[in-house]
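Order of listing sets the numbers, starting from 1, for every ligand and every atom in it.
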Amino acid sequence: MTDFTATRARFAIPEGVIYLDGNSLGPPTVDAAARVASMMTDEWGALLIRGWNEAGWMDAPALVGDRIARLIGAAPGSVTVGDTLSLRVWQALAAALDLMPERRVILTDDGNFPSDIYMAEGLARLKSQGHCVRIVAPEAVEDAIDDTVAVLMLTEVDYRTGRLHDMARLTAKAHAAGALTVWDLAHSAGAIAVNVGGAGADFAVGCTYKYLNGGPGAPAFSYLAPHMVGRARNPLQGWLGHAAPFAFAPDYAPAPGVAGMRIGTPPVIALEALATALDVWDGVDLQDLRARSIALSQAFIAGVEALDAGLTLAAPRMPEARGSQVSFRHPQAYAICRALIARGVIGDFRMPDVLRFGFAPLYVSPDDVARAVEILGEIMHSGAWDRPEFHARAAVT
Ligand SMILES: Cc1ncc(COP(=O)(O)O)c(C=O)c1O
């Protein structure tokens, strides 16, 4: 059994804060600051450029990738880490489209994160071959998969509502129609028991600053299915995806396997913070994680609905249809969110009227859920959310 009291003790969450925003930015681990400081002094400071060889910096993307692999049901050696998620989406999609020269449709849903759609549209425009991004409702995706689709590009867990796609079923349907799949795991890696291997996904990408707690702007990861090795080519042919970067050859020759999806210089300091955060996952059973996440989310939904405060559930009611996030709608969602934050309950707001609450089992406890519901009740029933300062919009919501 996973000891969630022990995992919680590994996070540095300020006193008095109930942190329900790990679906946006995870908190730091207790060890992160010291580990990063020592890396900077003992490795960067002491070794200077020798760190690339002597401290193994160049291998960090693969080593950290292997630790993420376990969390997404991927085989060792099939995940690399670096660069940002938007780039990784573009890269995976472009690699998939290259393998589908006869087809022109990128199928996605309107619950996908806008950056993924922007990236797909930009890529379609750049290709100038008549590609289009077909956007349907999440519930309509399955029926929209047909033999015109080149690539099914989806985010497994909807950033706004927490709705969870059935990766195995949709991947099988895409493959049966002759299409490839690109899955964005930003809201599922570390939130649920992702299984890219079991689902047969072709490409997957994700970020590490949400449920993996790597820190703001932490690097993204790419998964390349074993059946894609030797087939998929990296369209972003940066030198570190080259088989021999330090040969400085004029011609590009891809490194074998997922190493061929590397692009540029690894962000070594950020990888150290991420590696420290991944230590917490040692000993965490993903089935326990899922059970705890469902228990926390169900308790929250029941508590909020019992308040009878005009908040409408915007997430699927059935836990198996959700990730680890619960959303509610309210016309005054923004002000309520600000009022909650002022009382130490940190969730967030998404346009136009959505309040999001993430339940990261590594550090959110049943007591946190009970207290968050209590504070929400006080704010709603007293009208405390309706102060002018809670209505003023900040740049980042
Ligand atoms: C599902 C999803 N995809 C892509 C992105 C964009 O990631 P980045 O800003 O790291 O490029 C995000 C950011 O939150 C996201 O949630």
Side-chain angles (χ1 to χ4, degrees), residues 20-27 61 64-65 68 71-72 79-94 96 106-123 133 135 138 141 151-165 167 170 181-192 194 196 201 203-223 236 238 261 263-264 266-267 270-271 273-274 277 314-315 322-327 346-351 354 356-358 360 395-397:
L20 305 181
D21 213 4
N23 51 306
S24 195
L25 175 67
V64 173
I68 293 172
L71 304 179
I72 61 167
V79 176
T80 189
V81 186
D83 306 285
T84 71
L85 179 52
S86 299
L87 270 183
R88 291 287 180 188
V89 167
W90 193 98
Q91 180 190 40
L93 182 60
I106 301 159
L107 178 64
T108 191
D109 69 33
D110 60 16
N112 204 346
F113 193 75
S115 193
D116 294 29
I117 296 176
Y118 303 156
M119 281 293 182
E121 285 172 343
L123 176 57
V133 183
I135 306 173
V141 167
V151 179
L152 174 65
M153 179 192 79
L154 292 173
T155 293
E156 188 182 18
V157 174
D158 188 308
Y159 77 102
R160 225 189 242 133
T161 64
R163 179 200 34 74
L164 172 66
H165 273 309
M167 185 192 289
L170 292 175
T181 55
V182 173
W183 287 94
D184 184 334
L185 309 177
H187 298 265
S188 40
I192 60 173
V194 181
V196 287
F203 299 85
V205 293
C207 68
T208 62
Y209 44 75
K210 300 181 192 289
Y211 294 94
L212 299 181
N213 312 302
F221 64 86
S222 282
Y223 161 77
L236 292 171
M261 298 303 267
I263 306 171
L271 281 164
L274 173 58
R322 281 199 313 266
S324 201
Q325 159 198 329
V326 169
S327 305
I346 303 186
D348 66 18
F349 163 83
R350 283 293 173 267
M351 289 289 277
V354 175
R356 299 193 305 178
F357 302 95
V396 177
T397 57

Residue that, paired with Leu71, satisfies side chain to side chain contact (heavy atoms under 4.5 Å, CB included) out of Val79, Leu212, Val194: Leu212
With a 4.0 Å cut-off on heavy atoms, is Arg88 in contact with ligand 1? no
Among all protein non-hydrogen atoms, which one is nearest to atom 8 (P) of ligand 1, and what is the separation to 0.1 Å? Tyr209 OH, 3.3 Å
Between Thr155 and ligand 1, which part of the residue brings a heavy atom under 4.0 Å of the ligand: side chain, backbone, both or neither? side chain
Evaluate Arg350 against Asp158 for salt bridge (Lys or Arg N to Asp or Glu O under 4.0 Å), listing each step before the verdict. CA-CA 12 Å; Arg350 283 293 173 267; Asp158 188 308; over 6 Å; no
How close does the nearest protein non-hydrogen atom get to atom 11 (O) of ligand 1, and which residue and atom is it? Ser86 OG, 2.6 Å
Minimum-distance protein heavy atom relative to atom 16 (O) of ligand 1: His187 NE2, 2.7 Å
Quick one: does ligand 1 sit under 4.0 Å from the side chain of Asn112, the backbone, both or neither, non-hydrogen atoms only? neither
Closest non-hydrogen protein atom to atom 4 (C) of ligand 1, residue and atom name please, with distance? Asp116 OD1, 3.1 Å
Distance col, row Asn23:CG vs Phe357:CZ, nearest 0.5 angstrom, shows 10.0 Å
Starting from atom 3 (N) of ligand 1, which protein heavy atom do you reach first, and at what distance in Å? Asp184 OD2, 2.7 Å
Mind telling me whether Tyr159 and Phe113 have parallel, tilted or perpendicular rings, with 30° and 60° as the class edges? perpendicular
Cys207, portion touching ligand 1 at heavy-atom distance under 4.0 Å: neither
Per-atom filter on ligand 1: closer than 4.0 angstrom to a heavy atom of Leu85 are 2 (C), 3 (N), 4 (C), 5 (C), 7 (O), 8 (P), 10 (O), 11 (O)
Minimum side-chain heavy-atom gap Leu170-Thr181 below 4.5 Å: no
Quick one: look at Tyr159 and ligand 1, take heavy-atom pairs under 4.0 Å, and tell me if it's side chain, backbone, both or neither. neither
The protein heavy atom nearest to atom 14 (O) of ligand 1 is Lys210 NZ, 3.0 Å
Given Ile72, Ile192, Ile68, the one that forms side chain to side chain contact (heavy atoms under 4.5 Å, CB included) with Leu185: Ile72
Going through the distances and angles, do Ile135 and Asn112 end up as a side chain to side chain contact (heavy atoms under 4.5 Å, CB included)? CA-CA 9 Å; Ile135 306 173; Asn112 204 346; over 6 Å; no
So how far is it from Asp21 CG to Gln325 CD, rounded to the nearest 0.5 Å? 9.0 Å
